[in-house]
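Notes follow once the structure below has been shown.
Counting starts at 1 for both ligands and their atoms, in listed order.
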Amino acid sequence: MGDPVTPLPAGLVGRLATARRVVALTGAGVSAESGVPTFREAQTGLWARFRPEELATPEAFAADPRTVWAWYEWRRDLVAAAAPNPGHHALAQFESLVPGFTLITQNVDGLHARAGSRRVIEFHGNLFTNRCFAGCGAEADVPRPCPEPPRCPHCGAWMRPGVVWFGEAIPIEALQAAKAAVDRCEMLLVIGTSALVTPAAGLALRAHEAGAMVAEINISPTGLDGVAQFRLAGPSGELLPRLVEAVRARREMHS
Ligand code: OAD
């Protein structure tokens, strides 16, 4: 006998087949099957091996820019060598299937865009962008590999990775766009996130309170179990392609 296959709830497929505005909120779990480590999983998560306060805060960068920069270079190498997996591709297909589909990702790896998703809100920034640490506002491309933190071409301060660190605010455009999409959506898919980090996790609660249906795809239970009407237990790289195919078939039946 093969592994039991998680059934796709008919109510979920039916709702996705008729919905006009759907939002997907993704986290590190979506990229796990591409070989990109998650953060909080007990043995393999980055925060099991590294201390976030030494690598992912403005204070850490100010104290030791070289170490922090080198850690981000290591992560860039890892992601550059990875490829989008079937879960990323399925989410890109959702965009062509559902007219008002918005993808909000906490991931900084850029794999959704590499899979073909176009409407992506990068809530925590992007590993491959850089901006001035002194706040002169400059953003600059940095040729890779770049073992040492580069200097800002405008003011000469250190350049830092363009990601959101602990204690920092979400970029205002991303926050506003995400809230607007969530407030309008009929359905929110929460995929591969532990939903422990706010304000991203708060988006799920916000959607639920605004009357949207919430569905969760995750290999493990999360704190969202109370708000999710549907819970699909399993890897997103397997479940999302099945879900998109079921929704496509149902949409074709209706058209
Ligand atoms: P976490 O590491 O906290 O959670 C990853 C989630 O993915 C867990 O709930 C796993 O059960 C699930 N998971 C793992 N593999 C999966 C798979 N193949 N299919 C489906 N689910 C899977 O990562 P995030 O929730 O993304 O922030 O973490 C949120 C934020 O915390 C990150 O964006 C990062 C981190 O600190 C910043 O760097 C600002």
Side-chain angles (χ1 to χ4, degrees), residues 3 6 8 24-61 68 71-72 74-76 78-79 82-91 103-112 115 120-129 160-171 174-175 178 188-205 215-225 227-228 230-243:
D3 288 341
T6 305
L8 299 177
L25 170 66
T26 65
V30 163
S31 295
E33 288 155 88
S34 296
V36 179
T38 61
F39 292 94
R40 291 179 184 76
E41 286 178 281
Q43 306 299 325
T44 54
L46 289 176
W47 299 153
R49 298 156 59 198
F50 303 99
R51 292 165 63 87
E53 61 275 24
E54 288 172 6
L55 295 164
T57 64
E59 294 77 18
F61 188 78
V68 172
W71 190 67
Y72 280 91
W74 170 71
R75 287 181 61 197
R76 287 170 177 143
L78 206 147
V79 167
N85 67 56
H88 295 109
H89 288 296
L91 285 166
L103 180 52
I104 305 169
T105 188
Q106 297 165 85
N107 299 345
V108 295
D109 55 28
L111 289 175
H112 285 304
V120 186
I121 300 171
E122 291 186 315
F123 209 68
H124 290 163
N126 187 302
L127 263 184
F128 295 93
T129 62
R160 56 163 283 180
V163 301
V164 175
W165 281 329
F166 288 100
E168 293 186 319
I170 303 300
L175 186 63
L188 176 72
L189 301 172
V190 185
I191 309 156
T193 175
S194 59
L196 289 171
V197 173
T198 55
L203 293 171
L205 204 58
E216 187 175 42
I217 297 180
N218 201 305
I219 54 169
S220 308
T222 77
L224 287 184
D225 292 359
V227 299
F230 295 105
R231 178 153 211 296
L232 275 64
S236 49
E238 286 175 25
L239 288 167
L240 282 169
R242 284 175 52 212
L243 190 60

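Enumerated by chain and number, the residues approaching ligand 1 to less than 4.0 Å through a heavy atom are Gly27, Ala28, Gly29, Ala32, Glu33, Thr38, Phe39, Arg40, Glu41, Trp47, Gln106, His124, Val164, Phe166, Gly192, Thr193, Ser194, Val197, Asn218, Ile219, Ser220, Gly234, Pro235, Ser236.
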- [ ] Evaluate the criterion side chain to side chain contact (heavy atoms under 4.5 Å, CB included) for residue pair Phe39 and Leu196; output intermediate values, then yes/no.
- [x] CA-CA 11 Å; Phe39 292 94; Leu196 289 171; over 6 Å; no
Open item on the list: Could you walk me through whether Glu122 and Val108 satisfy the side chain to side chain contact (heavy atoms under 4.5 Å, CB included) test, starting with their C-alpha distance in whole Å, then the side-chain angles of each, then the deciding distance to 0.1 Å, before giving a yes or no?
Closed with: CA-CA 7 Å; Glu122 291 186 315; Val108 295; over 6 Å; no
Open item on the list: Using the rule given for side-chain hydrogen bond (donor to acceptor under 3.5 Å, both in side chains), can you reason through His88 versus Ser31, listing the C-alpha separation, both sets of side-chain angles and the distance that settles it, and then say yes or no?
Closed with: CA-CA 8 Å; His88 295 109; Ser31 295; 3.2 Å; yes
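Counting heavy atoms from C-beta on, the side chains of Arg76 and Pro161 come closer than 4.5 Å. Two residues are said to be in side-chain contact when any heavy atoms from C-beta on lie closer than 4.5 Å; Leu188 and Leu25 meet this criterion.
Asp109 places no side-chain N or O within 3.5 Å of a backbone atom of Leu127 that could act as its donor or acceptor partner.
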